[in-house]
2 protein chains.
Amino acid sequence: MASIKDVAAEAGLSVATVSRALNGHPSVSEDARRRVSAAVEALGYRPNAVARSLRTDETRTLGLVISDVMNPYFTELARSVEEEARALGYSVIIGNADERPGLQDHHVTTLLDRRIDGLLVSPTDGGSPGMLGAARAGTPMVFVDRWIPGVDVPVVRSDGRAAVRDLVAHLHGLGHRRLAIIAGPAATTTGRERVDAFREALAAYGLELPDAYIGQGDFQAGSGRRVTEGFLDLPVPPEAVFAADNLMALGALDAIRARGLRVPDDIALAAFDDIPWFVHTDPPVTAIAQPTRDLGRAAVRALVDRIAGRPGASVTLPARLVVRRSCGEPGTGRPPSPSPVRRSTP
Amino acid sequence: MASIKDVAAEAGLSVATVSRALNGHPSVSEDARRRVSAAVEALGYRPNAVARSLRTDETRTLGLVISDVMNPYFTELARSVEEEARALGYSVIIGNADERPGLQDHHVTTLLDRRIDGLLVSPTDGGSPGMLGAARAGTPMVFVDRWIPGVDVPVVRSDGRAAVRDLVAHLHGLGHRRLAIIAGPAATTTGRERVDAFREALAAYGLELPDAYIGQGDFQAGSGRRVTEGFLDLPVPPEAVFAADNLMALGALDAIRARGLRVPDDIALAAFDDIPWFVHTDPPVTAIAQPTRDLGRAAVRALVDRIAGRPGASVTLPARLVVRRSCGEPGTGRPPSPSPVRRSTP
DNA sequence: CCTCCTCGTGGAATCGATTACACGGAGGAT
DNA sequence: ATCCTCCGTGTAATCGATTCCACGAGGAGG
């Protein structure tokens, strides 16, 4: 592959002049500029980004370590991050942590070894040594979606409190009183916050959130299935289940279907994170939608600010409730299961 | 950040010896090895991958240019590619072409500038100049899912012909005779092949595929919606619609629902590419499933073979039909629409 | 005792770019 | 005519690693 030396030789100039011409430096004659262009064209020359990065100490690359690519919410986040980064002249390397702290650490280390200019993370856990080290060492960094308390890094996320209140109002209005939640890992902020918000919203209606109605999930479909089965096996099962993410809602749907039960007639279901598929499930799922695109954009902007030495502001955007049919008949206002809950197969 | 020089100074050795110790070179004394380890530990040293790449002319990075990340099929493919690559000691940089040739070219160029060791592509079109140039220049490359005829590059894909035959048999068995297809872009191999396979399978039953029943889509949900509306507006609309990918099936579902029609009672629907959500749509969608994980693995292995100078074999794996309920009641064998089938409460 | 290996190590070139510094020539001011 | 600027260009250092080659010490063999 042609290097800058070859271009210099072809153009009859020094590498310095070629480099300056290529970078639009002002003090290059029109004549030299033309000869460089011609040589570049003739040789099909493309600058070696590796060499440039070594010299300039910037890779124009951002790292994004995401909790789980197979989760449509994170896929959309990744997409919007890449779009905004590209618009700003950066590439993005995505690392999929798959909700495993070990993998997350692997990716952080690899990205740091590649000398990315900045790091975007939605931490899987309370903070792995590699990540905390990077934060302390001053690597430009921004948390997105999830964050780690006590670490001085801007956070870009959405606040679901109001939307959760709306959801509980919705459920309450439909006559549901026994409300359960499939929680995310306690090690994640989103895992804890959603439970807290749910409990608070319930309290406003004088409702309790008993321990039996808090199922411990891990943001994956399998855990949603297991937890839901546990709920259904309870002597007094809940009337409504709120899954703290979309994959666990999918698992819940599986478990409910496997028992031959129907949503919302036998049990109501709602999810955090809205995705296109929820419109088409049976029934369409009521969900809390985050402004995912805006989050991605804001996160990249905050990170680029930090890279440029500017402060880099934390951003919190509101989530909103999207009512569909999985919690009960909208408009009727009456409880979906006045008669005892049927739980055998028809 | 500490460099190899700092380590050398700390250990009281030359950079050459440190480098050898770090790379497990045999001719380094046990004593030197220990001192290097200690120095590395003390300084928190991590080798600079950029510098190493410049010298060794290998980045241990693979590029993956994918047609559309928001398509769950490609997300899963990307995931399995990353997994296999990681197992083999490579990182992956994903570029999302979003079905746009221009974007695809941008990513290919960027990846080449970064001197990735090999390139995995599912081409959006007939071959952009950048990509063809790379192939000709000898960049190790493998096509995955889609490919470009006449370019000498291994292809890893799945063959849906048999599964499409099974699908047509299934539809025919359920009494459907007027079958339509939402095709992908003619510029893609998968776009063309699926139509061809469908037409051939139809011919085996003495059925035609009239032009009016071939809708031109672009693998995105919006086009599925538009094309389906067109089908429904026909004087004689089809009895069954086969979408050439899952997103267009989603669009079709939208369009059908918007008309107040029901699947499969009013119209049958099937899709190419199976995804977890199809189990939970209303109704569950009959789809053709590709062995996505295996494809990703095989593609990475073929690419790594090429990088190592070995031939790198093309691989074709069979897809298979997964029957659900969107084409009609399984088992009954009678057409779904003569007598309206009740499916609400048992 | 001398020669010849082998082993562990260091010096220095190298990869492909960027950039500080030096330098020669043209043109303007005095 | 002399001096100073400014402009365009080239030389060479530099980034952080790898690796070829040389070298000194020590042991084996003659």
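Every chain is numbered from 1 and lettered A, B, ... according to where its sequence line falls, protein lines coming before strand lines. Just so it is clear, the structure is predicted and the values come from calculations on it, not from any experiment.
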(message) Between B:S67 and B:R146, is there a side-chain donor-acceptor contact under 3.5 Å, judged purely by atom types and distance?
(response) yes
(message) Regarding A:E82 and B:N96, do their side chains bring together a donor and an acceptor under 3.5 Å, going by distance alone?
(response) no
(message) Less than 4.0 angstrom from a charged side-chain N to a carboxylate O is my criterion; do A:R35 and A:D31 meet it?
(response) yes
(request) State which of D:dT19, C:dG10, C:dT18 makes the closest approach to the side chain of A:S19. (result) C:dT18
(request) Record whether the side chain of B:R52 comes under 3.5 Å of the base of D:dT18 through a donor-acceptor pair of N or O atoms. (result) no
(message) Looking only at side-chain N and O atoms, does B:Y73 offer a donor or acceptor that is under 3.5 Å from a partner on B:D145?
(response) yes
(request) Check whether any side-chain N or O of A:S14 sits under 4.0 Å from OP1 or OP2 of D:dT11, and answer yes or no. (result) no
(message) As a test of reading the structure: which of D:dT9, D:dT11, D:dG16 is closest to the side chain of A:S27, going by heavy atoms?
(response) D:dT9
(request) Considering just the side-chain nitrogens and oxygens of B:K5, establish if one lies under 4.0 Å of OP1 or OP2 belonging to D:dC15. (result) yes
(request) Answer yes if the side chains of B:S91 and A:R114 hold a donor-acceptor pair under 3.5 Å, and no otherwise. (result) yes
(request) For the pair B:R115 and B:D57, find out whether any cationic side-chain nitrogen is under 4.0 Å from an anionic carboxylate oxygen. (result) no
(message) So if I take every side-chain heavy atom of B:L54 and compare against C:dG11, D:dA17, C:dG16, which nucleotide ends up nearest?
(response) C:dG16
(request) Select one nucleotide: of D:dA17, D:dC15, C:dT9, the one nearest the side-chain heavy atoms of B:R20. (result) C:dT9
(request) Name the closest nucleotide to the A:A16 side chain, picking from D:dT11, C:dA13, D:dC15. (result) D:dT11
(request) Whole angstrom is fine here: how far is it from CZ in A:R35 over to P in D:dT9? (result) 8 Å
(message) For a quick check of understanding: with a heavy-atom distance under 4.0 Å over all strands, which category does B:A32 fall into, base, sugar-phosphate or nothing?
(response) sugar-phosphate
(request) Give the rounded distance in Å between these two atoms: CG of A:N48 and P of C:dT14. (result) 18 Å
(request) Could you say whether A:R46 or B:V18 is positioned toward the 5' end of DNA chain C, judged by the nucleotide with the nearest heavy atom to each? (result) B:V18
(request) In whole angstrom, give the distance that lies between atom CG of A:D57 and atom P of C:dT19. (result) 12 Å
(request) Could you check how far NE2 of B:H25 sits from P of D:dA17, rounded to whole Å? (result) 18 Å
(message) Need one value for B:V28: base, sugar-phosphate or nothing, where a base atom within 4.0 Å counts as base even if backbone is also close, heavy atoms only.
(response) sugar-phosphate
(request) Consider the side chain of B:S3, meaning its heavy atoms from C-beta on, and name the nucleotide among D:dA17, D:dG8, D:dC15 that approaches it most closely. (result) D:dA17
(request) Nearest whole angstrom, please: distance from the P of D:dG16 to the CG of A:D113. (result) 14 Å
(request) Output the single nucleotide from C:dT18, D:dG10, C:dG10 whose closest atom is nearest the side chain of B:T17. (result) C:dG10
(message) Which nucleotide wins on minimum distance to the side chain of A:I4, given the candidates D:dG16, C:dT9, C:dA17?
(response) C:dA17
(request) Please determine if a side-chain N or O atom of B:S29 lies less than 4.0 Å away from the OP1 or OP2 oxygen of C:dT9. (result) yes
(message) Distance check needed: D:dG8 P versus A:L13 CG, whole Å only.
(response) 13 Å
(message) What is the separation between atom CG on A:D31 and atom C1' on D:dT9, rounded to the nearest whole Å?
(response) 12 Å
(request) Mind calculating the distance between CZ (A:R115) and P (D:dA17) to the nearest angstrom? (result) 7 Å
